[in-house]
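I have placed the structure first, in the form of C-alpha cells, so that the comments after it can refer back to it.
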Amino acid sequence: MTQFKKALFVVGPTASGKSAFAHTLVERQRELGCAFELVNIDAFQFYRGVSIGTAKPSPEELQKYKYHGVDILDVTETIDAARYAEFVWTTCQEVNARGAVPICVGGSGLYLRAALHGLDALPPRNDSLREMFRASAVAWGWPELHRWLSALAPIRAAELHPNDKTRIERALEIAFQLPEGVTLDSILSKSARLSEQTSVGDAFLIHVDCSDEVLKERIYKRLHNMFEQGWVAEVESLQARFGQSFTSTQSFRAIGYPAIWSWLQEFGNCSEASGSNFKVTKKAEVDLLKVIATQTWQYVRRQRTWNAKEQKDWLVDSTYWNGTTLQFIDKFVDFLSK
RNA sequence: GGCGCUUUAGCUCAGUCGGUAGAGCAGUAGACUGAAAAUCUACGUGUCCCCAGUUCGAUUCUGGGAGGCGCCA
C-alpha cells in the first residue's frame, strides 16, 4: 500500500521551531533542486476561527509557503484521525503529481501515526452509540462498560484500564458495528501496533527539538505574544458568535481556549478586562498565562513520549538555531534526489 | 496597642479524641488504532513555624515567642 510517493514529516514539540525549519527548507528549495509544498498536520489549524491560539501561519506565510490544510473546516465541524489521514494522503498525492515534495508539519501523536502507518479498516465514529454508552456510564460507571467490553473483545479489554473512557467507548463503538461473526480482537490480532508498522509511503522523518530551558522560554514568549495579538478578543468573538455551544466543539479542546473561556466568565464583565484590552499585566492575567504555559508544557511531555517511538531520519537540535541557517545532511539530500 | 483566626508536601489545604501524616494541583515517567492540544495509568520522608512544659511518647494538649490575615482602637 502506497499512499504517497515521497514526503517529509517535520515533527517535534510545540514551539520547538518546526515551522521555521520547514520555511527554511522552502526558502532553499532551488539549492536542493526540488520544489516543496507544506501540508499542515496539526489537529487544530484545520479550523477557521481558532487562529491565534493554534499558532497558525500568517495569511502571507500561507501563500508564500504553499500551505495545505489550514482553515479548511468551520469551528463547529469535526475531523477524526481517519479522515485526517485521508486528507494528508490525498494532498500528498496531489503535491507529488505536481513533481513537488510535500513537507508535513505539525504532528499530534495519533494523527501522525494515522498518516504515517494508516489505521486498520474499522467501523467509523458513531455519535448515537457514543451517547448511549455515555448514558450507561453515568448510571453504571466506566468500569462496568469495561466489563461489557471484556465479553465482546477480551483481548482489547485487557489492554485498557477500566477508567479509560475514551478508548472503552471507541472499542465498544467498533464492537457494536461489526458484522456477525467478526470481533474486534480478531481484526486487531492480524496487525501489529501502529508504531511498529511500516510507513504507507516513502517518508523521511525530521525531529526538531531543543533544551527544556530554551523551550520553556519560547513557550512563554509565544503565549505572551498570542495575548498581545488579541487571543482573548478572539475567544470573546467566538463566545458572541456561538455562545455556550462553542464549548462542545472539537476546536474548543485546543490548549488555552477553555482556560480563556472560564477566565472571561470570571473577569470578562469588567469593561477594562475585555479582550482587546488584555495586556498581561494584572495578576489575574499573568495567572491565566501561567496556567496555559503549564498545560502547554504538559503537552510537550506527551508529544515527546509519542515521538520517541517513531522513526528518526534526521534529528535537529534547535536550541541555538536562529531559524535561517541549515546544514543539510547527506541522508536528506539522497532522499530528495532519489 | 487590644481581641479573634491562622502557620502541615513546590502551591492550596485536610487530618491526627496524644503513638511522627494525606488529598487536589504542580512535578517526573509511561500508555495510546476515528475526541488526541483529548484521555488514561504509575510514582508521596515533609525540621507538621520556634522554644519550654505535661507525658513512656507531642505535629496534636498547656504556656511563651515569631510570621501572616481580619476586626476594634
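The model shown is predicted, which means the values in this text are computed figures rather than measured ones. Chain identifiers are assigned alphabetically (A, B, ...) following the order of the sequence lines, protein sequences preceding nucleic acid strands; residue numbering begins at 1 within each chain.
Here the C1' atom of nucleotide A36(B) and the CG atom of Asp42(A) are 11 Å apart, to the nearest Å. Going from atom CG of Asp127(A) over to atom P of A35(B) covers 9 Å, rounded to whole Å. One can place CZ of Arg167(A) at 10 Å from C1' of U41(B), the figure rounded to the nearest angstrom. Rounded to whole Å, the distance from CG on Leu110(A) to C1' on G34(B) is 8 Å. Rounded to whole angstrom, the span from the CZ atom of Phe46(A) across to the P atom of G34(B) amounts to 16 Å. At whole-Å resolution of the value, CG in Leu129(A) and P in G34(B) are 14 Å apart. One can place CH2 of Trp306(A) at 15 Å from P of C40(B), the figure rounded to the nearest angstrom. When rounded to the nearest whole Å, the span between CD of Glu196(A) and P of A31(B) equals 11 Å.
Residues from residues 155-162 of chain A that place a heavy atom under 4.0 Å from any atom of RNA chain B, listed by number: Arg156(A), His161(A).
The residue Gly53(A) sits close to a base: some heavy atom pair falls under 4.0 Å. Across all strands shown, Tyr111(A) has heavy atoms under 4.0 Å from sugar-phosphate atoms exclusively, and none from any base. Here Thr14(A) lies out of heavy-atom contact (under 4.0 Å) with every strand. Contact annotation for Lys290(A): no contact, since no heavy-atom pair falls under 4.0 Å across all strands. As judged by a 4.0 angstrom heavy-atom cut-off over every strand, Asp120(A) is placed among the base-contacting residues. Residue Ala81(A) is classed as a sugar-phosphate contact, given heavy-atom separations below 4.0 Å to backbone atoms only. Ala192(A) comes within contact range of at least one nucleobase, with a heavy-atom separation under 4.0 Å.
The shortest distance between the side-chain N/O atoms of Arg302(A) and the OP1/OP2 oxygens of C32(B) is not below 4.0 Å. Listed pair Ser108(A) / A37(B) meets the phosphate criterion, a side-chain N or O lying under 4.0 Å from OP1 or OP2. A sub-4.0 Å separation between OP1 or OP2 of U41(B) and a side-chain N or O of Asn163(A) is present.
Taking the P atoms as reference points, U41(B) lies 26 Å from G46(B), given to the whole Å. The gap from the C1' atom of G65(B) to that of G27(B) amounts to 36 Å, rounded to the nearest Å. Comparing the same atom, P, in A21(B) and in A36(B) gives a spacing of 44 Å after rounding to whole Å. Rounded to whole Å, the P atom of C17(B) lies 37 Å from the corresponding atom of U28(B). Atom C1' of A58(B) sits at a distance of 9 Å from the matching atom of U20(B), rounded to the whole Å. Taking atom C1' on both nucleotides, U47(B) is separated from C43(B) by 24 Å, rounded to a whole Å. When the C1' atom is used for both U55(B) and G30(B), the distance is 49 Å, rounded to whole Å. G64(B) and U45(B): their C1' atoms are spaced 30 Å apart (whole Å).
Through chains of ILVMFWY side-chain contacts below 4.5 Å, Leu178(A) is grouped with Leu122(A), Ile174(A), Val182(A), Leu184(A), Ile187(A), Leu188(A).
The side chain of Thr305(A) lies closest to C32(B), out of U39(B), U33(B), C32(B). Of all nucleotides listed (U33(B), A37(B), U39(B)), U33(B) comes nearest to the side chain of Leu119(A). Distance from the side chain of Lys309(A) is smallest to A31(B) among A38(B), A35(B), A31(B).
Considering only residues two or more places apart in sequence or on other chains, Asp209(A) meets the salt bridge (Lys or Arg N to Asp or Glu O under 4.0 Å) condition with Arg304(A). Partners of Glu94(A) according to the side chain to side chain donor-acceptor pair (under 3.5 Å) rule, which considers only residues two or more places apart in sequence or in another chain, do not exist here.
At a cut-off of 3.5 angstrom, the base of A37(B) holds no donor-acceptor pair with the side chain of Arg253(A). Between the side chain of Gln250(A) and the base of A38(B), no donor-acceptor pair under 3.5 Å is found. Not a single donor-acceptor contact under 3.5 angstrom links the side-chain atoms of Arg83(A) to the base of G34(B).
Pairs engaging residues 126-181 of chain A under the ring pair (Phe, Tyr, Trp, His ring centres under 6.0 Å) rule: Phe133(A)-Phe176(A) [sequence neighbours left out]. Pairs engaging residues 178-206 of chain A under the salt bridge (Lys or Arg N to Asp or Glu O under 4.0 Å) rule: Asp202(A)-Lys338(A) [sequence neighbours left out]. Residue pairs meeting the salt bridge (Lys or Arg N to Asp or Glu O under 4.0 Å) criterion with at least one member in residues 127-137 of chain A, sequence neighbours excluded: Arg125(A)-Asp127(A), Arg130(A)-Glu173(A), Arg134(A)-Glu169(A). Pairs engaging residues 59-75 of chain A under the salt bridge (Lys or Arg N to Asp or Glu O under 4.0 Å) rule: Glu27(A)-Lys64(A), Arg48(A)-Asp74(A), Lys56(A)-Asp71(A) [sequence neighbours left out].
Atom CG of Leu288(A) is separated from atom NZ of Lys282(A) by 12.5 Å, given to the nearest 0.5 angstrom.
Relative to the ring axis of Trp314(A), Lys331(A) does not place its NZ or CZ within 45° and under 6.0 Å from the centre.
Following chains of ILVMFWY side-chain contacts shorter than 4.5 Å, one can reach Val26(A) starting from Phe204(A), so the two form part of one hydrophobic cluster. Under the 4.5 Å side-chain contact rule for hydrophobic residues, Val291(A) and Ile219(A) do not share a cluster.
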Without placing hydrogens or testing angles, list every side-chain donor-acceptor pair under 3.5 Å for residues 7-22 of chain A, not counting sequence neighbours.
{"from": "Thr14(A)", "atom 1": "OG1", "to": "Gln303(A)", "atom 2": "OE1", "distance (Å)": "3.3"}
{"from": "Ser16(A)", "atom 1": "OG", "to": "Pro13(A)", "atom 2": "O", "distance (Å)": "2.7"}
{"from": "Ser16(A)", "atom 1": "OG", "to": "Val208(A)", "atom 2": "O", "distance (Å)": "3.4"}
{"from": "Lys18(A)", "atom 1": "NZ", "to": "Gly12(A)", "atom 2": "O", "distance (Å)": "3.0"}
{"from": "Lys18(A)", "atom 1": "NZ", "to": "Pro13(A)", "atom 2": "O", "distance (Å)": "3.1"}

Review item, side-chain donor-acceptor pairs of residues 254-261 of chain A, under 3.5 Å, at least two apart:
{"from": "Tyr257(A)", "atom 1": "OH", "to": "Gly53(A)", "atom 2": "N", "distance (Å)": "3.1"}
{"from": "Tyr257(A)", "atom 1": "OH", "to": "Trp231(A)", "atom 2": "NE1", "distance (Å)": "3.4"}
{"from": "Tyr257(A)", "atom 1": "OH", "to": "Glu234(A)", "atom 2": "OE2", "distance (Å)": "2.6"}

(message) Can you give me the dot-bracket string for RNA chain B, 5' to 3', counting Watson-Crick and G-U wobble pairs with both distances under 3.5 Å, using [ ] for crossing pairs and | for partners on another strand?
(response) (((((((..((((.....[..)))).(((((.......))))).....(((((..]....)))))))))))).

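Scanning both residues, Gln311(A) and Ala203(A), for their nearest heavy atoms gives NE2-O, 3.4 Å.
A tilted orientation is assigned to the rings of Tyr47(A) and Phe44(A), their planes being inclined by 30° to 60°.
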(request) Let me have a per-nucleotide readout for nucleotides 22-27 of chain B, 5' to 3', with B, S or -, counting only protein heavy atoms under 4.0 Å. (result) ----SS

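Both Thr54(A) and Glu173(A) lie near RNA chain B, and the one whose nearest nucleotide falls closer to the 5' end is Glu173(A).
Base orientation of G34(B): syn, since the glycosidic angle falls within 90° of 0.
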